[in-house]
Structure formats: C-alpha cells, structure tokens
Amino acid sequence: MARGGDVTDGPGSRPGRLKVFLGAAPGVGKTYRMLDEGRRRAARGKNVVVAFAECHGRPSTEAMLGGLEVLPRVTRRRGGSDVSELDLDLVLELRPQVVLIDELAHTNAPGGRHTKRWQDIEELLGAGIDVVATLNIQHLDSLSDVVEKITGLPQYETVPDEVVRRADQIELVDLTAEGLRRRMAHGNVFPPEKVDAALSHYFRVGNLTALRELALLWVAGRVDEALRKYRDEHNIGRVWETRERVVVALTGGPEGATLIRRAARIVDRSSGGDLLAVHITRSDDLSGSSPAALAEQRQLLESLGGSYHSVVGDDVPAALLDFARAQNATQLVIGASRRGRLRRVLAPRGVGETVDGLSGDIDVHTVTHEHAGQGRRWPAAPGGGLPRARRVAGPVAGLVLPLLLTLALRVSSGPLALNLTSEALLFLLTVLGVACIGGVFSALLASVTTSLLLNYYFLPPVGHFTFAEANIVVAQAAFTIVAVTVAAIVDRSLRLSRRAARATAEAETLTSLAGGILRGDRAVSVLLERTRETFGMDSIELRSGRGEPELGAVSGPVSEHETKVAIGEDSVLVLSGRRLPASEHRVLTAFAAHLTAAVERARLAEAAAEVEPVKAANRMRTALLAAVGHDLRTPLAGCWAAVSSLRSQEVDFSPEDQEELLATAEESLARLSRLVDNLLDMSRLQAGALTLRLEPIALTEVLPTALDTLPDSPPQALVHVVTQGLETTPDVLADPPLLERVIANLVSNAVRHSPAGRPVTIGASVLSGRVELRVIDRGPGIQLAHWEKAFEPFQRLGDTDNTTGLGLGLALSRGLTEAMGGTLTPEETPGGGLTMVVSLPSAPLSADVLDVFQTGRGADRCVTEAWITSHRGIEGSRGAP
C-alpha cells in the first residue's frame with residue numbers, strides 16, 4: 001500500500017478538503033461519480049484510496065474500482081450479525097492524499113471510535129486528508145421530516161446540515177424520475193426480485209420528483225450563499241437577477257397585510273423565490289407607525305415563509321433602495337400613498353414616486369389598497385400621547401392664561417407700564433407656555449385667544465376690534481403664525497425629548513435584562529418578579545393553555561385590567577394592574593421572549609432530571625452486563641469442572657482427589673454466592689428497596705462473624721488482623737448482617753493489599769455520639785484525587801484485572817453504611833497505607849454499661865488475632881473488594 005504524498009502537498013500540511021456528491025435518491029449514480037472523481041485525481045498523480053465504496057453488485061460501478069487501491073474493512077458485530085465498516089485507524093496510518101468514502105450519513109456498528117461516519121470523516125479532514133463522499137438528500141437533518149411526509153418512511157440516519165455546508169464542494173448528481181425508474185427496470189439499481197416493490201412504493205414518480213426538487217432547491221441555496229459572499233467580497237452593488245427576491249416595504253399602517261399577501265403571490269409564481277419585508281424606522285421615531293400592527297404583519301409574513309427586517313434611516317426612499325440592493329432584490333412592492341389631496345399638491349413627490357424614480361433595475365410594484373388617498377390620521381389624542389390631565393389642562397390654560405396676563409397688564413401703570421412690543425412678546429411667551437403644557441392644539445387655541453385680546457385691549461382704538469387697517473391685520477396674522485410655528489417647534493422638541501427619555505429607559509431596562517442573562521439570573525420566578533417590577537404591575541402570573549398557574553407564578557392582588565402575552569406555544573403571561581400603554585408593549589415583548597426561553601429551559605431541566613435516574617440505571621446496567629459475564633462464568637466453570645470430574649466414570653479418583661474437587665466446587669459456589677449477594681444488594685440500593693432492621697449491636701459480636709465469612713484458600717502470605725478498643729466501645733445502632741458485610745469487605749480489601757508481615761488493624765473510638773470503626777492497612781494506598789472514584793461501582797483503579805471481581809465492594813460498603821445512617825470515608829494511614837473509617841450512630845447506653853465506663857472497670861484493651869490469608873479468590877480490589 002502506498003503511503004502519503006509529496007511533501008509540499010501531503011496530508012497534515014493543511015486541513016483536508018471535503019467534496020460531497022449529493023443525490024435525490026439511491027441509484028442516481030453518486031458512487032459511480034465518486035469513483036470517477038477518484039480515478040481522475042489518481043491520473044493527476046494524487047495518492048487515492050477507496051476506504052469504503054458500496055457498489056451493491058452493480059457491474060458498471062464495480063468496474064470503476066479498477067486502478068484504485070481498495071483498503072480492507074474492519075468487521076464488527078451488530079444485531080447478531082457481522083458487518084464491515086470503514087477502518088479509520090488504517091486510513092490514518094496510511095495517510096493518503098485523497099480517500100473515497102461512501103454513505104456519509106451511515107451509523108457505525110458498536111466498537112468504533114465514533115457513532116457516525118461523518119464524525120470519522122471530520123477526523124480525517126482534521127488530519128489533513130482530502131475526502132470525497134456521497135449523500136442522499138433524505139439524510140439531511142433539516143429535511144428528514146419533510147422526506148418522511150413525502151415518502152411515508154422515517155429517516156433514522158441523518159447528518160447535520162452544517163457538516164455538509166462546510167464542504168468545499170457540493171456537486172449535485174441529478175437524474176429525472178423517469179430516467180431513474182428506467183435504470184431500475186433494467187436491473188441497474190436493485191436485484192430483479194426487488195424492482196417491482198421499489199417502483200410501486202418509494203420510487204414512485206411523485207416521490208422521486210419531490211425529492212429531486214428538494215435536492216435542487218437545497219443546492220441552489222448553497223450556490224446563492226456562495227454568490228452573496230462573492231458579491232460582498234467584490235463590493236458588487238448592482239442587481240444580478242439570478243433569483244427572484246421580492247421586498248415588501250412596510251410602514252406600520254393598516255395596508256401592510258395587503259402588501260404582504262400580494263408579494264407572496266408574486267413569489268409563488270416564481271418557484272424558488274424569496275420573500276422579504278423591511279420597515280424603515282426614522283431616527284426620531286416620529287413616523288406614526290403602530291408597533292402592534294407591525295407585530296401582526298411580521299407574524300403573517302413568517303407564516304408565509306418570509307423574513308422580517310428593520311432598518312433605521314431618515315431618508316426613507318434611499319434606505320429602502322439600499323436594503324433592496326444589498327439583498328439583490330429583483331422586485332419591490334410598496335403601497336399606494338395614503339397622503340390626501342392637499343399634501344399631494346404641496347409635495348407632489350412622495351416616497352413611492354421617489355422610489356420609483358431611483359429604483360434603476362429593480363421592478364417597483366405600487367399596490368393600491370382601501371386606505372390609499374385617505375390621508376394619515378391624527379394621533380389618537382390631541383396632545384400627541386400626553387397624559388389625560390395635561391390634555392385637559394392645555395386648552396384650559398390656552399383660555400385662562402391669556403386672560404390673566406391681560407388683566408395684569410391692564411392694572412399695571414406708572415413705571416411698570418409696558419409698550420406694545422413688550423406686551424406682544426409677553427403674549428407670545430404665554431403661547432409657548434401653553435404649548436409646553438398641552439401641545440400644538442392648545443397652543444393654537446392660545447394664539448387665537450391672545451391675538452383677539454391683543455387687538456381689543458392694546459391696539460388703538462382700545463376697547464374695539466380693529467381689522468380695517470392692513471398693518472394691523474398683517475401684524476396680527478404674523479403674530480398668530482409665529483406663535484403657532486414656535487409652539488409647534490417647542491411641541492416637537494418636547495415630544496422628541498420624551499421619546500428620547502423613553503428610549504433611554506427602554507435601553508436601560510433591556511441592558512439590565514441582558515446583564516441578568518449574563519449573570520445567570522435565569523430562574524423563571526426571578527424573571528417574572530423583574531418583569532412585574534419593571535412595568536409597575538400589581539401581580540404577574542404564568543398560565544398554561546388550560547388557564548392553570550404554571551411554575552414561577554408571582555401572585556398579588558387581583559385587578560380589573562389584565563395584559564396578556566403569549567409565551568411559547570401553550571403558555572400565557574398575565575400582568576394585572578394598571579392599563580399598559582401600547583408604547584410599552586415593545587419592551588414587554590423582549591421580556592416575553594426571554595421568559596419563553598427560560599420556561600423552555602426549566603421544562604428541559606425537569607425532563608432531564610426525570611431522565612437522569614433512568615440514565616444512571618442504564619449506565620449501571622450496562623456496566624453490570626459488561627463486568628458480570630466473566631466474573632460469574634469463572635466460579636461456574638470451576639464448579640462445573642469439579643462436579644463433572646466427580647461424576648466421570650472414566651477416572652477413578654482417590655479420596656484425597658475427591659476431597660480436593662469437592663473443596664474446589666464448594667469454594668466456587670461460595671464465591672458465586674458472594675457475587676450474587678453483592679449484585680442483589682447493589683440492585684436493592686439503586687432501587688431504594690433495601691430492608692433495614694436497626695438494633696443496638698456490639699462490634700465485638702459482629703467482628704468474629706465477619707471474619708468467618710472471609711474465604712479460605714491456599715496460604716500465600718500470613719497477615720495478622722489486630723483489633724483494638726472494641727470492648728470499651730459502646731454499641732452501635734446498625735443492621736447486624738449488613739454491618740458484617742461492610743466489615744468483611746473492608747477487611748478483605750485491606751488484607752489483600754497489605755504486605756506480608758504487616759498487620760491489618762481494626763480500631764474503634766467514640767466521637768460526638770458516634771462510633772468510628774477504622775480498618776487500617778499498610779499497603780500502597782490510594783492517591784487523594786482517586787478517593788471518591790474508588791467508591792464508584794466497577795472501579796478497580798488499574799490495580800487488578802477482571803478476574804478478581806466485579807469491583808462492587810467499596811461501592812456496596814458505602815451504600816450499606818449510608819443506608820444505616822452512617823458514613824464511610826477514606827483516610828491516609830500515617831507512614832503509608834489506607835484507613836477506611838466507618839462512622840455509625842451509637843446506641844443508647846444501659847445503666848450497667850454506663851457504670852462500667854464511668855468507673856473504668858473492664859478491660860481497656862482487647863487484642864484478637866485472626867489468621868487470614870490473602871489469595872486470588874477474594875472478591876474486589878483496591879477500588880472495591
């Protein structure tokens with residue numbers, strides 16, 4: 001086998017490149033094209049190997065393998081049968097320049113490094129090896145549900161779209177539905193016995209046509225992305241009419257739904273077109289657009305498959321055309337002007353006429369609607385959104401303040417008397433003050449009032465209205481115009497300042513929300529409370545679609561005003577309190593969006609919490625099945641061999657041989673019994689079904705029984721077990737059989753790892769109403785970082801192999817100890833070794849025992865020696881006995 005390529009273009013010098021041959025269905029010729037690509041590259045001097053090619057017995061495809069190096073596959077077991085798979089390690093070892101791999105979405109058999117073949121390919125690309133692969137359109141993750149609706153067959157093997165999108169080349173292998181069916185009828189795709197069934201089910205003309213359209217559209221989308229990238233890189237602004245893109249201009253007016261539907265019909269007539277909508281927002285935000293109407297139109301647009309965009313720009317026509325050209329739009333849909341006749345006379349060229357004149361190569365559709373030519377409505381209230389009190393106070397001030405000023409000027413005399421110019425300026429200031437209070441409408445009323453008062457009381461002849469002289473009429477008209485104009489400017493400035501203040505408040509609110517997200521404040525209840533405080537509501541509640549309260553609801557007093565916002569698909573956010581104005585709905589929508597994500601996260605967390613015990617049980621079951629086979633088979637095999645030998649008529653065993661065989665069978669059965677007991681106890685612990693019978697028990701009563709349960713085997717090294725302080729220790733509250741199991745496991749583990757001649761010590765002491773039993777060995781010990789890992793089931797920490805037990809001893813000992821209300825913790829033995837500390841609650845002391853401890857009677861030390869041999873048959877290891 002050839003290895004590698006030349007130094008300048010070999011693997012590892014750069015990331016590998018991926019080329020994908022994409023087809024609409026099996027049989028279109030993807031494998032053939034892949035092999036043909038490999039032959040072409042090999043002819044150019046590249047080192048090409050075939051790692052996996054599925055020819056399905058097609059002679060023409062198999063013939064393409066000629067001249068190419070085909071790597072052997074690896075055989076793995078799946079579902080009771082052997083399957084051949086891609087040998088990833090072999091490919092990485094050979095490091096060719098180009099590798100050919102069929103069926104990108106294939107699921108690997110158990111035993112490989114990766115679950116999916118596309119993950120194998122990712123590793124090869126990372127190693128600098130170019131890959132040529134094949135894929136059917138139905139295996140793309142984003143299209144699998146669509147394919148299932150078309151064909152009626154679920155797709156179990158999928159590959160993420162992003163993996164294919166990252167390919168350097170995607171080449172479509174196209175074949176008409178009729179052509180593919182002819183190939184099948186000629187036996188070029190499936191064996192003859194499968195052709196009829198395939199043609200009448202999956203390979204029907206309708207299915208193949210739909211799959212072919214999906215493949216063409218998906219590849220067209222990738223081509224369009226490449227074209228857009230090229231245009232951006234080369235700063236190409238003019239429209240290239242490669243694909244119909246229709247842009248709808250939305251103003252936030254009532255005609256938006258009509259425009260969207262009209263544009264959608266235009267897109268439908270051009271198959272494969274795109275629908276986009278854009279709203280141009282002026283920087284002063286005084287366009288009069290309705291946020292609620294824009295939200296409804298956006299929802300309609302997205303239901304029709306379009307996308308919504310928002311652009312800020314003071315020059316609406318220029319901003320609209322800039323957006324359309326940036327999107328390479330071919331058509332632009334705008335609504336007929338809503339301006340009235342007067343405005344058309346004063347300003348003949350509106351937005352529509354300007355866009356039409358500057359559109360260039362973009363087709364502009366002006367759509368008429370029922371609101372065309374009716375003019376724009378006045379704001380809902382004369383005060384331009386002012387509070388109700390100011391809307392009432394404005395007209396009142398427009399009448400009262402000029403009268404009060406007139407009275408003040410009429411009673412003034414002497415040095416305080418003013419001339420006509422000063423009096424007119426004071427009246428003008430009064431009009432400005434009224435404009436600040438009630439807006440333009442109130443200022444207009446005040447200007448008329450002041451004009452009449454100025455004419456009657458301050459223009460000669462005083463006490464009469466004078467309109468005969470032209471100078472007086474012009475002066476009064478100029479005064480009124482100046483007053484209204486200045487009042488309008490002041491009112492606009494006030495409105496801008498109010499909007500700026502609101503925008504600042506909204507920005508600060510959203511900044512606070514974003515900061516909470518970054519800090520991790522994602523609890524639903526916290527977000528609900530923050531929402532309630534932000535909008536000053538009395539209460540907030542999250543209800544399900546059935547109207548029932550959900551998680552995180554914040555209750556409060558019931559109010560007659562309720563604001564409801566949809567959260568997700570089946571929940572509603574209900575705010576009670578003040579009536580929420582439309583201007584605050586925009587920020588509320590942002591809060592609602594984050595609440596939607598928080599609710600989904602909470603639900604997923606709950607689902608994950610419910611699944612986690614099942615996953616843990618599955619992991620335990622998997623580990624058990626992986627470990628239990630050999631460990632149960634070994635004692636069974638020993639017992640079976642001994643019994644079979646005894647029953648054999650061919651060999652005449654001596655009494656000593658029979659005794660040895662019986663001992664072997666007994667020892668194997670004892671070992672098997674211990675294994676089964678450990679497994680059953682661990683299962684009971686996992687299921688929480690362990691039955692306890694707690695009672696006072698002395699350690700001196702439990703220890704001999706525990707030591708007796710240790711297995712006997714041919715001695716290899718004698719290890720002393722020394723006990724200290726057990727008789728002076730109070731009774732413990734425990735389950736005697738379970739405590740025996742714990743001590744037996746710990747002692748056998750300590751004996752196993754203690755060197756010859758170094759005793760294992762069992763000591764006891766009392767601390768804070770608890771009895772601590774210590775099993776001390778002088779073995780190699782365990783690193784501090786591995787202390788907790790030693791208590792995991794099936795852990796041996798690399799010190800033994802699978803022939804020594806399941807590795808359940810320490811895990812089972814801790815589980816049994818904790819079930820009895822105790823703890824099992826490791827400590828480092830001074831001078832080297834490991835100490836296991838069992839802490840159990842002490843039992844209530846009787847009067848006699850209490851007297852013994854108080855007077856100091858009784859033995860202060862009891863040393864019991866038991867001779868125990870460390871042997872291969874003891875179950876467990878440093879990880880678990």
Side-chain angles (χ1 to χ4, degrees), residues 1-3 5 11 16-44 46-76 78 82-109 112-114 116-125 127 129-139 157 159 163-164 167-173 175 180 183-184 187-191 194:
M1 297 181 182
R3 295 175 179 268
R17 298 187 178 94
L18 174 63
K19 180 172 184 177
V20 177
F21 286 98
L22 180 67
V28 296
K30 303 180 302 299
T31 305
Y32 187 95
R33 293 287 297 277
M34 177 188 72
L35 296 175
D36 181 62
E37 176 74 11
R39 291 165 66 96
R40 289 194 306 105
R41 296 196 184 192
R44 295 199 301 265
K46 295 288 186 179
N47 178 18
V48 181
V49 299
V50 180
F52 193 97
E54 199 65 63
C55 298
H56 298 287
R58 301 163 189 166
S60 59
T61 307
E62 291 178 346
M64 296 297 293
L65 291 171
L68 293 175
E69 181 180 0
V70 181
L71 300 182
R73 305 180 187 179
V74 63
T75 301
R76 296 193 179 99
R78 177 166 60 187
D82 293 332
V83 295
S84 59
E85 296 285 0
L86 164 70
D87 194 341
L88 177 61
D89 294 329
L90 178 60
V91 178
L92 291 173
E93 179 184 354
L94 297 178
R95 301 185 67 81
Q97 290 178 295
V98 182
V99 58
L100 311 182
I101 301 177
D102 214 350
E103 299 179 1
L104 180 62
H106 172 75
T107 301
N108 295 327
R113 192 152 58 242
H114 302 295
K116 294 287 189 178
R117 183 166 293 167
W118 63 263
Q119 295 172 320
D120 296 336
I121 292 177
E122 292 273 316
E123 184 170 348
L124 293 174
L125 295 174
I129 301 174
D130 293 346
V131 179
V132 182
T134 65
L135 179 70
N136 282 329
I137 192 66
Q138 70 262 27
H139 295 306
E157 292 186 331
V159 58
V163 174
V164 187
D168 298 273
Q169 298 180 57
I170 301 175
E171 185 172 327
L172 179 65
V173 182
L175 187 63
L180 180 55
R183 289 193 62 194
M184 294 185 63
N188 295 328
V189 179
F190 293 137
K194 297 182 179 181

Check each of His106, Arg76, Arg73 against Glu85 using the side chain to side chain donor-acceptor pair (under 3.5 Å) test, and report the only one that passes.
His106
Who passes salt bridge (Lys or Arg N to Asp or Glu O under 4.0 Å) against Arg44, sequence neighbours left out?
none
Can any side-chain N or O of Arg183 pair as donor or acceptor with the backbone N or O of Gly27 at less than 3.5 Å?
yes
Residue pair Glu123 / Arg113, side-chain heavy-atom distance below 4.5 Å:
yes
State, to 0.1 Å, how close Val91 and Ala51 come at their nearest heavy-atom pair, and which atoms those are.
CG2-CB, 4.0 Å
Closest non-hydrogen atom pair between Leu65 and Cys55, with its separation
CD1-SG, 3.9 Å
Pairs flagged by side-chain hydrogen bond (donor to acceptor under 3.5 Å, both in side chains) wherever residues 18-35 is involved - sequence neighbours left out:
Lys19-Glu37, Lys19-Glu171, Lys30-Asn136, Thr31-Asp102, Arg33-Glu171
How long is the straight-line distance from CG of Leu88 back to CG of Leu124, given to the nearest 0.5 Å?
5.0 Å
Do the side chains of Glu157 and Lys116 get close enough for a salt bridge, i.e. N-O under 4.0 angstrom?
no
Do Val189 and Pro26 have side chains that get closer than 4.5 Å, going by heavy atoms?
no
Thr134 side-chain N/O to Glu103 backbone N/O, donor-acceptor pair under 3.5 Å:
yes
Which residue pairs satisfy the side-chain hydrogen bond (donor to acceptor under 3.5 Å, both in side chains) criterion with at least one member in residues 48-62, sequence neighbours excluded?
none
Given side chains that start at C-beta, do those of Asp89 and Val74 come closer than 4.5 Å, heavy atoms only?
no
Is Asp130 reaching over with its side chain to a backbone N or O of Gly16, donor-acceptor style, under 3.5 angstrom?
no
Drop me the distance from Asp36's CG to Phe21's CZ, to the nearest 0.5 angstrom.
7.5 Å
When every non-hydrogen atom of Leu92 is compared with those of Ala127, the smallest separation belongs to CD2-CB, 3.9 Å
Taking all atoms of both residues into account, what is the closest heavy-atom pair of Phe52 and Leu86, and its distance?
CD1-N, 4.0 Å
Between the main-chain N or O of His114 and the side-chain N or O of Asn108, is there a donor-acceptor pair closer than 3.5 Å?
yes
To the nearest 0.5 angstrom, please state how far the CD1 atom of Ile129 sits from the CG atom of Leu94.
8.5 Å
